[in-house]
Amino acid sequence: MIVILKRNPDPSQLERFRGWLEERHVSIHPTIGMNQTIWGLVGDTSHLDINLIAALDVVDDVKRVQEPYKDANRKFHPEDTVLQIGGTQVGGGNLTLIAGPCSVESEEQICEIAKAVKKSGATMLRGGAFKPRTSPYSFQGLRSEGIRMLSAAKELTGLPIVTEIMDASHLEYFDSVDVIQVGARNMQNFELLKVLGETRKPILLKRGLSATYEELLMSAEYIMAGGNENVILCERGIRTFETFTRNTMDVSAVPVLKQLSHLPVLVDPSHAAGKYQLVTPLAKAALAAGADGLLIEVHNDPEHALSDGPQSLRPEAFDRLAGQLQRLHEAVRAQ
């Protein structure tokens with residue numbers, strides 16, 4: 001249930017209303033906007049008389065909400081969420097470009113790529129340290145040493161760093177990480193999401209291989225229900241019957257998630273395509289659909305990459321794409 005309060009409500013009446021709700025074991029999630037204040041009522045609201053609430057002097061309107069996600073719901077939070085991360089922001093009309101290799105392979109490699117992508121306009125650096133791989137014989141990442149190397153690249157370039165967590169026990173290694181990524185395979189690892197809800201670090205939540213929009217938003221709800229409202233949603237392609245691409249990028253996810261939720265929405269065309277030749281057109285399609293930004297894999301030697309070389313752009317290709325994306329972003333915003 002959401003309650004839209006009148007402007008400048010009487011403080012004593014508002015406090016009595018709050019106490020009345022708390023006596024009925026209903027918690028209040030307030031959202032204070034420029035023009036109105038909304039109370040999201042969470043708990044068993046089935047016994048609350050909607051007409052009685054609507055008649056209160058401090059209440060402008062009241063509505064029941066059927067969706068099971070509350071904190072992530074745009075109805076509870078009409079204004080877009082904007083996250084400040086280091087010297088950049090995600091959302092609010094800013095173009096977020098997160099670029100870097102699938103896996104951190106050496107300090108020299110990650111620092112060289114970080115310098116290149118920053119020069120091209122990347123706003124954050126991505127790189128895998130803990131790697132979930134389909135085969136147990138594939139490269140599993142450099143783990144905590146990989147995060148140390150990412151931190152060295154951050155120190156060198158000033159770019160905030162984004163890397164994936166696989167298990168809650170690894171959280172101690174993520175102190176220097178600016179954005180913690182939850183991969184598609186862990187989107188419904190609810191125990192991990194609960195732990196991340198207790199942090200205040202931004203969480204980049206990727207959509208699962210077969211997850212519905214509601215399932216993605218319910219996973220975001222797990223994090224937000226723990227008190228961490230710094231969540232970024234990411235479409236990275238879903239599994240369909242098509243085998244030409246690694247996954248199928250669901251462009252409709254961008255406007256749908258924007259309609260349902262106030263959280264920023266990014267797209268990962270590299271994992272969707274699985275082929276570097278498709279990254280550029282898919283990245284442009286995502287921006288045209290209204291995405292707040294992109295995750296793009298960039299490697300200085302894709303042929304010898306330890307993971308996902310075929311979907312990685314070379315730095316010079318990313319440089320060309322970044323310029324095109326900036327112009328496209330400006331054109332979309334001008335509409």
Side-chain angles (χ1 to χ4, degrees), residues 67-74 76-77 80-85 89-91 96-98 100 102 124 126-132 160-168 170-171 174 177-239 247 249-250 252-272 286 290-297:
E67 297 89 353
Y69 49 92
K70 308 299 182 186
D71 290 332
N73 198 322
R74 184 173 286 281
F76 278 68
H77 195 298
D80 289 342
T81 287
V82 179
L83 302 184
Q84 299 292 331
I85 302 172
Q89 71 176 36
V90 180
T96 295
L97 291 179
I98 304 175
C102 177
M124 285 190 259
R126 60 144 293 147
F130 294 86
K131 293 299 301 177
I161 54 178
V162 182
T163 194
E164 182 172 351
I165 193 169
M166 291 173 56
D167 190 271
H170 300 158
L171 192 57
F174 283 70
V177 174
D178 297 281
V179 179
I180 299 176
Q181 176 180 309
V182 176
R185 294 172 179 84
N186 269 320
M187 189 204 82
Q188 290 185 310
N189 183 342
F190 299 125
E191 291 303 313
L192 173 60
L193 300 181
K194 288 178 185 177
V195 171
L196 296 177
E198 297 174 1
T199 75
R200 293 301 176 266
K201 283 185 179 288
I203 308 299
L204 176 64
L205 180 65
K206 286 195 167 187
R207 183 182 179 188
L209 278 69
S210 303
T212 65
Y213 302 138
E214 183 170 298
E215 287 169 341
L216 172 60
L217 291 171
M218 287 305 295
S219 291
E221 194 77 7
Y222 262 93
I223 300 168
M224 300 178 77
N228 185 357
E229 298 183 351
N230 303 307
V231 179
I232 305 165
L233 304 175
C234 182
E235 162 63 31
R236 46 81 69 200
I238 54 175
R239 177 171 291 169
N247 298 286
M249 193 178 91
D250 181 9
S252 64
V254 177
V256 170
L257 291 172
K258 287 280 188 178
Q259 177 180 326
L260 297 176
S261 178
H262 55 90
L263 299 173
V265 179
L266 304 186
V267 173
D268 179 349
S270 301
H271 276 90
D292 293 294
L294 300 154
L295 279 77
I296 297 176
E297 292 194 356

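Predicted model, so just to flag it, every value in this text is computed and none were measured. Side chains included, hydrogens not; waters and symmetry mates left out as well; all remaining heavy atoms used.
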To the nearest 0.5 Å, atom CG of Leu192 lies from atom OH of Tyr222 at 12.5 Å
Strictly distance-based, threshold 3.5 Å: is any side-chain N or O of Lys70 a donor or acceptor partner for the main-chain N or O of Phe76? no
Could you walk me through whether Leu196 and Leu171 satisfy the side-chain contact (heavy atoms from CB on, under 4.5 Å) test, starting with their C-alpha distance in whole Å, then the side-chain angles of each, then the deciding distance to 0.1 Å, before giving a yes or no? CA-CA 9 Å; Leu196 296 177; Leu171 192 57; 4.2 Å; yes
In Å and rounded to the nearest 0.5 Å, what is the OG1 to CE distance from Thr212 to Met218? 10.0 Å
Can you find a heavy atom in the side chain of Pro132 that is under 4.5 Å from one in the side chain of Asn186? no
Can you find a heavy atom in the side chain of Leu257 that is under 4.5 Å from one in the side chain of Leu216? yes
Let me confirm one number: the CE-CG distance from Met224 to Leu205, rounded to the nearest 0.5 Å. 11.0 Å
Correct closest heavy-atom pair for Val231 and Ala220 would be CG1-CB, 4.1 Å
Go through the steps for Thr81 and Glu229 under the test side-chain contact (heavy atoms from CB on, under 4.5 Å), then give the verdict. CA-CA 9 Å; Thr81 287; Glu229 298 183 351; over 6 Å; no
Side chain to side chain contact (heavy atoms under 4.5 Å, CB included) with Val90: of Val82, Thr96, Val179, only one passes, and it is Thr96
Between Asp178 (side chain) and Ile161 (backbone), is there a donor-acceptor pair under 3.5 Å? yes
The reported gap from NZ in Lys201 to CZ in Phe174 (rounded to nearest 0.5 angstrom) is 9.5 Å
Check whether more than 12 heavy atoms from other residues, nucleotides or ligands sit under 6.0 Å from atom CZ of Arg239, and answer yes or no. no
Side chains of Leu260 and Tyr69 in contact at under 4.5 Å (non-hydrogen atoms): yes
Gap between atom CG of Asn189 and atom NZ of Lys194 - 0.5 Å precision: 10.5 Å
Please check if the side chain of Asn228 supplies one atom and the backbone of Ile223 the other of a donor-acceptor pair under 3.5 Å. no
In this structure, which one of Glu235, Glu215, Glu214 forms a salt bridge (charged side-chain N to carboxylate O under 4.0 Å, His left out) with Arg207? Glu235
Check whether any side-chain heavy atom of Lys131 sits under 4.5 Å from a side-chain heavy atom of Cys102, and report yes or no. yes
So Arg236 and Leu266, do their side chains get closer than 4.5 Å, heavy atoms only? no
Spacing of Asp167 atom CG and Ile165 atom CD1 [to the nearest 0.5 Å]: 7.5 Å
Looking at side-chain heavy atoms only, is the closest gap between Val267 and Pro269 below 4.5 Å? yes
Write down the atom of Leu204, the atom of Cys234, and the distance for their closest heavy-atom approach. CD1-CB, 3.9 Å
Would Tyr213 and Leu233 satisfy side-chain contact (heavy atoms from CB on, under 4.5 Å), going step by step from the backbone distance to the final call? CA-CA 10 Å; Tyr213 302 138; Leu233 304 175; over 6 Å; no
Verify, without hydrogens or angle tests, whether Asp268 (side chain) and His271 (backbone) share a donor-acceptor contact under 3.5 angstrom. yes
With a 4.5 Å cut-off on side-chain heavy atoms, are Leu217 and Glu67 touching? no
Asp292 side-chain N/O to Val265 backbone N/O, donor-acceptor pair under 3.5 Å: yes
Nearest heavy-atom pair of Arg200 and Asn230: which atoms, and what distance? O-ND2, 3.1 Å
Quick check: closest heavy atoms across Ser219 and Gln188, and the distance to 0.1 Å? OG-CG, 3.9 Å
Examine distances only and state if a side-chain atom of Arg185 and a backbone atom of Val182 form a donor-acceptor pair shorter than 3.5 Å. no
Would you confirm whether Glu164, through its side chain, and Met166, through its main-chain N or O, come within 3.5 Å as a donor-acceptor pair? no
Which heavy atom of Leu193 sits nearest to which heavy atom of Met187, and what is that distance? CD1-O, 3.2 Å
Apply the test side-chain contact (heavy atoms from CB on, under 4.5 Å) to residues Asp80 and Arg74: give CA-CA distance (whole Å), side-chain angles for both, the deciding distance (0.1 Å), then the verdict. CA-CA 8 Å; Asp80 289 342; Arg74 184 173 286 281; 2.6 Å; yes
Could you check whether any side-chain N or O of Thr163 sits under 3.5 Å from a backbone N or O of Gly127, counting only pairs where one atom can act as donor and the other as acceptor? yes
Kindly give the heavy-atom pair with the smallest separation between Ala168 and Val195, and that separation in Å. CB-CG2, 3.9 Å
